[in-house]
Amino acid sequence: MTEINRRDFIRFATVAGASLGFPQLALAANPKVVVVGGGVGGCTAAKYLRKLNPQVDVTLIETKKVYQSCFMSNEVLSGDRTLDSITFDYEGLKRHGVKVVIDRVDAIEPDKKQVVTQGGETFAYDACIVSPGVDFKWDAIEGYDEKVAEVVPHAWFAGPQTTTLRNQILAMPEGGKVIIVAPPNPYKCPPGPYERAAQIAMYCKHHKPKAKILILDPKDKFSKQGLFTQGWSKLYGFGTENSMIEWVGAAGGGTVEELDPSTMTLQAEIEEFQGDVINIIPPQKAGKVAFASDLTDGDWCPVNKLTFESSKHKNVYVLGDASSAAKMPKSAYAANSQAKVAAAAIVSRFNGIEPPDPTFVNTCYSILGEEHGISVAAVYTLDKSSNTILPVKGAGGLSPMDASDQQRKREVSYAHSWFANLIDDMMM
Ligand SMILES: Cc1cc2nc3c(=O)[nH]c(=O)nc-3n(C[C@H](O)[C@H](O)[C@H](O)COP(=O)(O)OP(=O)(O)OC[C@H]3O[C@@H](n4cnc5c(N)ncnc54)[C@H](O)[C@@H]3O)c2cc1C
């Protein structure tokens, strides 16, 4: 590789979302990459592998025929968007030459370099990318399990439960109470439960103005807390006697121990709470297939953050929510950024060259009201000696606390463009 080409290559990998000036080198054979999971990490990696070098044979295996994005699913709860508007098929990826297989992967067999599916198929690989998202720890709250979740929804995967929760909010009597049980760290989308409270309040403000939304939380602080409480105060009277939203943290007894679905009662550390609608977001761990494939250490999958190759098995790369990628949050934008780094590292490997030094990006918007958006953004670099991803000081930051109404309104339209651009980048 010439020096100029090498520089071009590194530029691609280090600038997330950069246009592709990548030199497409001739490969000796057509290496095979199997991607497990067609969410943000999996789709982005599959598409970018093909863009980096169309000689790479990419097969993506996903359980569902369509992807329903969790990001923006809170807006379905307020009625501001439909489930259809967050539902996407895989035709775009196919146009990039990705082979899409609808099946469930039972396990990855690193010693045989193959993936085995529930449908009985076997896929050989030179590199395997695994981005299965999260699974729940169902034994954390007594009385709450997968069956009960059909009537007391978590709605933490966008889909039928999003509709169930929305319908329950619509059917709730005026003056009713919605209880959101937030999860402990780490979990996907740290600001998600607090945006959800605001989106439900946004609906109630217009249709059930005496309703209450109570958040029970096993934590004492949460993401963008200052901006959230400021927005809740302005829009929903937070901190006053008539507040529509109430938050009870760990110190106030917010840790929930048990659910009695027959009486819709939650037993928390100090007292009992009764709700008309209950939304429990359980504690989380890496997706099932990561455990079945021996990719985990504790709840998550350790990786070499230079490439996102598993620390446990060679040639297997774990991305997104399932990976241990602190200090990056478990977010869609983080998964998208990690996928590009992994794709570049895999193509480098096929070309017999060192992977480039990565830079990662995260941006996360939360919409608190029709004209009130807030955000957090960060750029990250890798400290190779400690295998730690660190935020770059002075790059990114939070929306200012003293932003004008115009700025808050603008952040809502930025959030919607962010969504359209991310979907486009990952699968169109
Ligand atoms: C309410 C909510 C709001 C959010 N809002 C934002 C936001 O505003 N901004 C943001 O950046 N992030 C947001 N997120 C987080 C974001 O959705 C996730 O971080 C992101 O989707 C992670 O991507 P991933 O590839 O790791 O997993 P996912 O996108 O969840 O994809 C995993 C895929 O793998 C598939 N799969 C799992 N197991 C198998 C198997 N065995 N075989 C085949 N396929 C399998 C699943 O069906 C799924 O399609 C939000 C999340 C929630 C819940």
Side-chain angles (χ1 to χ4, degrees), residues 34-46 59-77 86 88 90 100-108 115-119 123 129-135 154-159 161-162 165 180 182-183 186-197 199 223-224 279 281 284 286-293 300-301 308 318-323 325 328-339 342 361-367 373-378 414-416 418-419 422-423 426-427:
V34 175
V35 181
V36 179
V40 183
C43 287
T44 309
T59 302
L60 179 137
I61 310 176
E62 161 61 44
T63 56
K64 300 189 207 95
K65 285 199 176 105
V66 291
Y67 183 66
Q68 296 187 300
S69 72
C70 290
F71 37 109
M72 293 294 158
S73 67
N74 282 333
E75 282 203 313
V76 177
L77 300 177
I86 56 168
F88 305 92
Y90 290 99
V100 178
V101 174
I102 305 301
D103 202 344
R104 178 175 296 281
V105 172
D106 278 339
I108 296 122
V115 165
V116 182
T117 69
Q118 201 171 57
F123 296 84
I129 294 179
V130 187
S131 193
V134 301
D135 190 13
H154 53 73
W156 213 237
F157 297 117
Q161 288 203 11
T162 313
L165 184 55
I180 298 173
Y187 63 97
K188 77 165 156 178
C189 195
Y194 315 98
E195 180 192 52
R196 176 168 286 184
Q199 283 287 322
S223 170
K224 297 188 267 190
N279 168 222
I281 307 164
Q284 292 158 38
K288 229 172 253 164
V289 71
F291 286 87
S293 310
W300 307 102
C301 304
F308 275 73
V318 189
L319 310 177
D321 293 347
S323 67
M328 290 187 90
K330 296 188 184 300
S331 78
Y333 212 78
N336 174 264
S337 186
Q338 293 159 7
V361 190
N362 181 53
T363 311
C364 193
Y365 288 92
S366 302
I367 302 175
I374 57 173
S375 64
V376 60
Y414 290 163
H416 292 150
W418 170 94
F419 174 61
L422 181 58
I423 292 292
M426 79 185 241
M427 64 197 307

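Read the numbers this way: they start at 1 and go in the same order the structure lists the ligands and their atoms. All values below come from the heavy atoms of this structure, side chains included, with hydrogens, waters and symmetry mates left out.
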What is the distance from atom [atom1] of [X] to atom [atom2] of [Y], rounded to the nearest 0.5 Å?
X      : Y      : atom1 : atom2 : value
Gln284 : Trp300 : CD    : CH2   : 6.0 Å
Arg196 : Leu165 : CZ    : CG    : 6.0 Å
Tyr194 : Ser366 : OH    : OG    : 11.5 Å

Considering only heavy atoms of [X], which atoms of ligand 1 have at least one such atom less than 4.0 Å away?
X      : answer
Ala335 : 23 (O)
Asn74  : 1 (C)
Lys64  : 47 (O)
Tyr333 : 11 (O)
Tyr365 : 8 (O)
Ser73  : 1 (C)
Gly41  : 25 (O)
Gly320 : 26 (O)

Exercise for the section: Could you say whether the N/O atoms of Val36 and ligand 1 ever approach to under 3.5 Å? Expected result: no
Exercise for the section: Consider every N or O of Asp321 and every N or O of ligand 1, then say whether any pair is closer than 3.5 Å. Expected result: yes
For [atom], what's the nearest protein heavy-atom neighbour? Residue, atom name and distance, please.
atom                    : answer
atom 47 (O) of ligand 1 : Glu62 OE2, 2.7 Å
atom 44 (N) of ligand 1 : Thr63 N, 3.5 Å
atom 27 (O) of ligand 1 : Gly133 CA, 3.5 Å
atom 32 (C) of ligand 1 : Ser131 O, 3.3 Å
atom 42 (N) of ligand 1 : Val105 N, 3.0 Å
atom 37 (C) of ligand 1 : Pro132 O, 3.4 Å
atom 14 (N) of ligand 1 : Cys189 CB, 3.4 Å
atom 52 (C) of ligand 1 : Cys70 CB, 3.4 Å

For ligand 1, is any non-hydrogen atom under 4.0 Å from [X]'s backbone (N, CA, C, O), its side chain (CB onward), both, or neither?
X      : result
Lys330 : backbone
Ala332 : both
Asn362 : neither
Val289 : side chain
Ile61  : backbone
Tyr67  : side chain

For [Y], is there any backbone N or O sitting under 3.5 Å from a side-chain donor or acceptor partner on [X]?
X      : Y      : value
Thr162 : Gly159 : yes
Gln199 : Ile367 : yes
Lys330 : Lys188 : no
Thr44  : Asn336 : no
Ser337 : Ala334 : no
Lys224 : Cys364 : yes

Mind listing the closest non-hydrogen atom pair of [X] and [Y] along with its distance?
X      : Y      : value
Ala322 : Pro132 : CB-CD, 3.8 Å
Gly119 : Asp103 : N-OD1, 3.1 Å
Asp135 : Ala286 : CB-O, 3.5 Å
Pro191 : Ser223 : CG-OG, 3.7 Å

Problem - Contacts of type side-chain hydrogen bond (donor to acceptor under 3.5 Å, both in side chains), residue Glu195, not counting sequence neighbours - result: Asn74
Close approach, [X] and ligand 1, non-hydrogen under 4.0 angstrom:
X      : result
Asp103 : yes
Trp418 : yes
Ala322 : no
Gly287 : no

Exercise for the section: Quick one: do Phe419 and Glu75 satisfy side-chain contact (heavy atoms from CB on, under 4.5 Å)? Show the steps, please. Expected result: CA-CA 12 Å; Phe419 174 61; Glu75 282 203 313; over 6 Å; no
Fill in the blank from the handout: With sequence neighbours left out, the residues meeting ring pair (Phe, Tyr, Trp, His ring centres under 6.0 Å) with Phe157 are Phe136, His154
Completion exercise
Closest heavy-atom approach to atom 53 (C) of ligand 1 among Phe71, Trp156, Phe419, Tyr187 is made by Trp156
Practice task
Would you sort out whether Tyr90 and Cys43 count as a side-chain contact (heavy atoms from CB on, under 4.5 Å), showing the intermediate values?
Solution key: CA-CA 9 Å; Tyr90 290 99; Cys43 287; 3.6 Å; yes
